[in-house]
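Everything below concerns the one structure shown next.
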Amino acid sequence: MRVFVNRSVVGVGCGFLNSKDAFLVPRPRTYMFSVLTAILLRHTRVYDGVLMSTGGNSHQRAIERAEKERLNKDQTLRKRPETQQQLPKSISSPIKKSGRPGPKQKRSKLLEYAIIRMGVPFAVSTTGVFLVSTSLFPYGVFFFYLGLALFAIDLQYENSFRGLRPRIRTILVVLYLAIIAAVSHVWIFRPAPFEVTASSTIPQYGPNSVIDGIEWDPNYSDLHFSIKNLTGMDYDGFDAEISTDLIITEIRQLRGLSECKVESSNPSPEVHVQRIEGGQPVGPVDSAPEKYKVIPADRAGRPIFPKFYRIRCEKLPATSQLDFTGALGNVTGSPRAANWVSVTAKFQTSGRNRTETISQCSIGAACRSDGSRQD
């Protein structure tokens, strides 16, 4: 049984029992009204400001259960996200609590793999690539292959790789090793030799002869040599040092696709001669009939000879050669031909700095910096 009794009605009844007017009502009527009010309060419950009777028969209790289910259903609908758009804003909008951080954004698996797992092998290999292009070539090779090995080890633990068929995994491993071998041959261990051929004679030239821009002296012997690039790559910044078993007094370039600068490693100081008579200079400087040759010497009087001449070219083009001529002197005796020539060259090719050396190549032979020699 639904009893729609507001709290105000119950309050009036209770207030009437406690007021002075209660004594104006005859005793039996007052007692009966108090009993009815107590029974009403005992068998009622409040739902949304409405008193609902909890007593009665099974039909009444079924009605009450239906009413409770309706109320629970209304509360459930308010909590569902699809119904919050239809409900009033005051009901559907959740209360925002300030001071709480938002949800954490997770990195994608690809980004996490690239940064954390591939980052270390990539950094190690990149360090190796940088060092290979410098004078620290052995350390660069070590770090380059270490990074590639770390990447291969990490790949073994990948589920996507382990889930492949054994034949496919074998093919991928062979392909990986083949790529490394190709890069090593083309870039790291690709040979870059050069070849030197030389000849030396004792020519007979008349006085005051100028040969290829060199003022010739009867005590000179000549030196002709060529530096060849037999590969299909340009050698950039070609810087060579040449020496023989005799004193190199001067070297000049004869021909070649690249223009070079030549300079002595130990240039002699410039000396001027002035004739003096009676304490006064006579004639212009360097006009004395005597000819002098300036030879530097150490404190013990031993002559100091230039150890080498330096040849600096912008590049040594592919499959080309540079031709030079020079004059050799022998201050300890009569002129003679040279026995050997040595060349050490520094240059850059294939993104790498190279240093190649030909040591004491016999005159008349063709020597290569990779060790081969043709007499």
Side-chain angles (χ1 to χ4, degrees), residues 194-229 238-256 258-271 273 286 288-298 300-313 316 321-345 356-369 372-375:
F194 66 90
E195 183 181 271
V196 169
T197 57
S199 64
S200 179
T201 61
I202 304 175
Q204 299 293 329
Y205 299 127
N208 301 322
S209 297
V210 178
I211 308 301
D212 297 321
I214 302 175
E215 295 182 3
W216 204 258
D217 188 278
N219 294 319
Y220 285 166
S221 60
D222 64 8
L223 175 68
H224 297 278
F225 64 96
S226 300
I227 302 177
K228 300 179 181 180
N229 178 5
F238 191 82
D239 191 349
E241 294 176 350
I242 181 170
S243 62
T244 71
D245 57 329
L246 295 176
I247 301 173
I248 301 177
T249 59
E250 195 168 353
I251 289 180
R252 295 294 179 92
Q253 182 181 2
L254 295 178
R255 62 189 68 86
S258 180
E259 184 177 356
C260 304
K261 296 181 179 180
V262 182
E263 185 178 359
S264 172
S265 60
N266 295 324
S268 301
E270 186 176 359
V271 179
V273 179
D286 295 333
E290 299 85 1
K291 295 294 182 180
Y292 296 93
K293 185 179 294 296
V294 178
I295 299 175
D298 57 13
R302 294 186 297 265
I304 301 175
F305 303 132
K307 292 184 178 180
F308 54 83
Y309 254 68
R310 186 175 179 182
I311 301 174
R312 171 75 180 181
C313 311
L316 179 56
Q321 73 178 38
L322 304 173
D323 298 326
F324 300 88
T325 187
L328 306 178
N330 183 16
V331 296
T332 61
S334 59
R336 67 176 179 86
N339 294 323
W340 51 263
V341 62
S342 296
V343 180
T344 299
E356 301 288 333
T357 300
I358 297 177
S359 179
Q360 295 187 1
C361 177
S362 300
I363 297 297
C367 304
R368 296 183 59 174
S369 59
S372 61
R373 180 174 300 186
Q374 297 178 359
D375 296 329

Exercise. Side-chain contact, heavy-atom cut-off 4.5 Å: Asp239 with Arg310?
Worked result: yes
Quick check: closest heavy atoms across [X] and [Y], and the distance to 0.1 Å?
| X | Y | result |
| --- | --- | --- |
| Ile363 | Ser199 | CG2-CA, 3.6 Å |
| Ile202 | Tyr220 | CG2-O, 4.4 Å |
| Ala240 | Val343 | CB-CG1, 4.1 Å |
| Gly256 | Leu322 | CA-CD2, 3.8 Å |

For this session: Go through the steps for Asn229 and Phe238 under the test side chain to side chain contact (heavy atoms under 4.5 Å, CB included), then give the verdict.
Result: CA-CA 11 Å; Asn229 178 5; Phe238 191 82; over 6 Å; no
Seminar exercise, completed: Residues at least two apart in sequence or cross-chain that pass side-chain hydrogen bond (donor to acceptor under 3.5 Å, both in side chains) with Asn339, listed by chain then number, are Asp245
Reported [atom1]-to-[atom2] distance for the pair [X] and [Y], which is rounded to 0.5 angstrom:
| X | Y | atom1 | atom2 | answer |
| --- | --- | --- | --- | --- |
| Asp323 | Arg255 | CG | CZ | 5.0 Å |
| Ile247 | Ser264 | CD1 | OG | 10.5 Å |
| Trp340 | Ser200 | CH2 | OG | 12.5 Å |
| Leu254 | Ser226 | CG | OG | 8.5 Å |
| Lys261 | Glu263 | NZ | CD | 10.0 Å |
| Arg368 | Cys361 | CZ | SG | 12.5 Å |

Report, one line per pair, each donor and acceptor closer than 3.5 Å where one atom sits in a side chain of residues 204-216; sequence neighbours left out.
from, atom 1, to, atom 2, distance (Å)
Ser209, OG, Gly206, N, 3.4
Ser209, OG, Gly206, O, 2.6

Exercise. Between Val341 and Phe225, is a side chain to side chain contact (heavy atoms under 4.5 Å, CB included) present by the stated rule, with each step listed?
Worked result: CA-CA 9 Å; Val341 62; Phe225 64 96; 5.5 Å; no
Has [X] got a side-chain atom pairing as donor or acceptor with [Y]'s backbone, closer than 3.5 angstrom?
| X | Y | result |
| --- | --- | --- |
| Ser369 | Phe194 | yes |
| Ser342 | Gln360 | yes |
| Ser221 | Arg336 | yes |

Problem set entry | Given Ile248, Thr249, Thr244, the one that forms side-chain contact (heavy atoms from CB on, under 4.5 Å) with Leu246 | Thr244
